[in-house]
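Position 1 is the first residue of the sequence; numbering continues from there. Ligands are counted one by one from 1 in listed order, and the atoms in each one are counted from 1 as well. Nothing here was measured: the structure is a model prediction, and the numbers come from that model.
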Amino acid sequence: MRKLALFAALTALAIAVPLSFGSSHREAPLTSIDPTGDDTDTYAFTAQDAPGALTIVGNWVPFEDPAGGPNFYKFDDNAHYYLNVDNTGDGVADVRYLFDFDTKVRNPNSFLYTNGQPVDSVDSPNQNVVQTYSVTRVAKGHSQVIARNVPTPPSNVGPKTIPNYDQVQAGAIEDLPGGGKVFAGQREDPFFAALGRIFDTVNLTGAGLGNQGGGVDDLAGYGVQSIVLQIPESDVTRDGKPVADDKAANAVVGVWASTERQAISVKGRGKGPYTQISRLGNPLVNEVIIPLGQKDRFNRTQPKDDATNYGKYVLEPELAAVLNTLFPGQVNAPEKTRTDIVQAVLQGVPGLNAFPGAAGKNATDTLKINLGTPPTASPQRLGVLAGDNAGYPNGRRLTDDVVDIDLQVVAGALKGNMVPLGDGVNQNDVQFLSEFPYVAPPKPGANPDAAFGSQLKAIANADGTSTPASYSATGGSGGGGDNGGPDALIWALIGAGALALAGLGYRATRGRGKSKGIATT
Ligand SMILES: [Ca+2]
Ligand SMILES: [Ca+2]
Ligand SMILES: [Ca+2]
């Protein structure tokens, strides 16, 4: 039974691979020109410090450069942001949480983000731009506002404006009346991937074809707008009761995020009924599985219709054929009848995270999580593929390496074709928090540790120290310019070393891959 579950889980992973490359940053033509409506990642997990609760993280607005002033990042007042939960398995939301934002500018005659005085709390009168929000729970046709006028923290402008950002953002954590917590605001993007290489026609060779590190996290240092919601299980289960254990009939729920906008836009304002413009369940489904001509449609349609609308793209994922073409003789991914992927990603693994009974056959792109699965003390980044059943595709934790998981699943891991695919990036660039809201605070816009352009802020650790090593391989030549002296030499050496290591890693991995299969951990 355990083995069956693992196999199923692996299958799911395969599906997820094509989906999860960039997770869902700029994945469709329309959302790529509408960043505030673009959901980038969805996570659903049971937190170590919150058993008995479902924790959901929904992220929007990809590639926020923390230095992007004077109009820093926020949610769009004109959009409706949703976190959706299906507790019956039909792909129709049974419980929805609507997040509706409202921005006030205290002094419209100033261009500044503040009045020039430091901001020391989320309620500081020194802020010039303040965004608040309400949370509305919608279930069984009934809407109830469960929080209103909740403050978001300001964007992390820099230490002169906000000397103690941790303190300020902590004030934005709001307790909910029925139990649970909510937070909305800028965070460091928890998604990690060698995006540049992946979308350079899956140019994984420089990082080693395997999953042994050496890749560059191209999202490092960028921010996103996060909504983090933690609610008692009984708020989302089908019978309104807590989950007794992982065999309970109410244990599985499916989670996804979505964005809605009004149908007509006039001078920045909406008009008419709201319509869905984006949605996100499993990572990388729309990004990698759905073809370009269908991506905007995917964002408009509902999970309940996924099997009819998009089943064929999962059964014959383009990525499998692409991998076979790009890495001849090394991947050998099955290209047709990928029911393993359908089950793992869209149906859930029987005995693990599939809905009980006939509903377990429904193929819907929701992030299915068994709320009765206890969290793992030491999570494995490859989740179920590595024998850690509390990780992806049984929900998704912040630490799950969905890129590697998806690549390996698409390659056929659930069918026994173990190939050590990966992008060489194994974890986020900064540590996650052990307590709510779990996602790390954003990097500061004015960063005294950044050597050059704003994108290089990623080199600064959470503690403010500078560690440029992993970044010199990205482009190298930026070392000239205004930062001469010892730094330039160090950067050059680091760059040369990284390139040499990358080459060695590639050769070593190729050698291993030819002789035998893969190590998946
Ligand atoms: Ca339902
Ligand atoms: Ca990150
Ligand atoms: Ca990875």
Test item: P379 and D388 side chains (from C-beta on) under 4.5 Å apart, heavy atoms: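 Answer yes - side chains close enough.
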
Within the structure provided, determine whether D90 and P303 are in side-chain contact (heavy-atom separation under 4.5 Å).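 The answer is no; the side chains never approach within 4.5 Å.
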
[X] atom (N/O/S) at minimal separation from the Ca ion (ligand 1):
X: D94; answer: OD2
X: D90; answer: OD1
X: D86; answer: OD1

So what does the D429 OD1 - the Ca ion (ligand 2) - E188 OE2 angle come to, to 10°?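 Between OD1 of D429 and OE2 of E188, at the Ca ion (ligand 2), the angle is about 80°.
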
Y82 six-ring face occupied by R96 cation (under 6.0 Å, within 45°):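 The answer is yes, since R96 meets both limits relative to Y82.
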
Hey, do the aromatic rings of Y310 and F298 have their centres closer than 6.0 Å?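 Aromatic pair counts; centres sit under 6.0 Å.
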
Sub-6.0 Å ring centroid separation between Y97 and Y81: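 No.
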
How wide is the angle at the Ca ion (ligand 3) spanned by D404 OD1 and D401 OD2, rounded to 10 degrees?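 For OD1 of D404 and OD2 of D401, the angle centred on the Ca ion (ligand 3) reads 90°.
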
Just how far is it from atom CG of D94 to atom OG1 of T88, taken to the nearest 0.5 Å?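 It is 4.5 Å, given to the nearest 0.5 Å.
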
About how many Å separate OG1 of T40 and CG of L219, when rounded to the nearest 0.5 Å?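 Output value for this atom pair is 8.5 Å.
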
Donor-acceptor under 3.5 Å (R187 side chain, V439 main chain):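 Side chain of R187 to backbone of V439, a donor-acceptor pair under 3.5 Å: yes, one is there.
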
Can you tell me if G89 has an N, O or S atom under 3.0 Å away from the Ca ion (ligand 1)?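 Here the distance criterion (N, O or S atom, under 3.0 Å) is not met by G89, so no.
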
Please determine if the Ca ion (ligand 1) has an N/O/S atom from N87 lying under 3.0 Å away.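 For N87, the answer is no, given that no N, O or S atom comes within less than 3.0 Å of the Ca ion (ligand 1).
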
The Ca ion (ligand 2) is nearest to which N, O or S atom of D189?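 The nearest such atom is O.
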
May I ask you to check if any N/O/S atom from A194 comes under 3.0 Å of the Ca ion (ligand 3)?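 No N, O or S atom of A194 is closer than 3.0 Å to the Ca ion (ligand 3), so no.
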
Is the Ca ion (ligand 2) less than 3.0 Å from at least one N/O/S atom of N428?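 Here the distance criterion (N, O or S atom, under 3.0 Å) is met by N428, so yes.
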
Report the atom name of the nearest N/O/S atom of D423 relative to the Ca ion (ligand 3).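 Result: OD1.
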
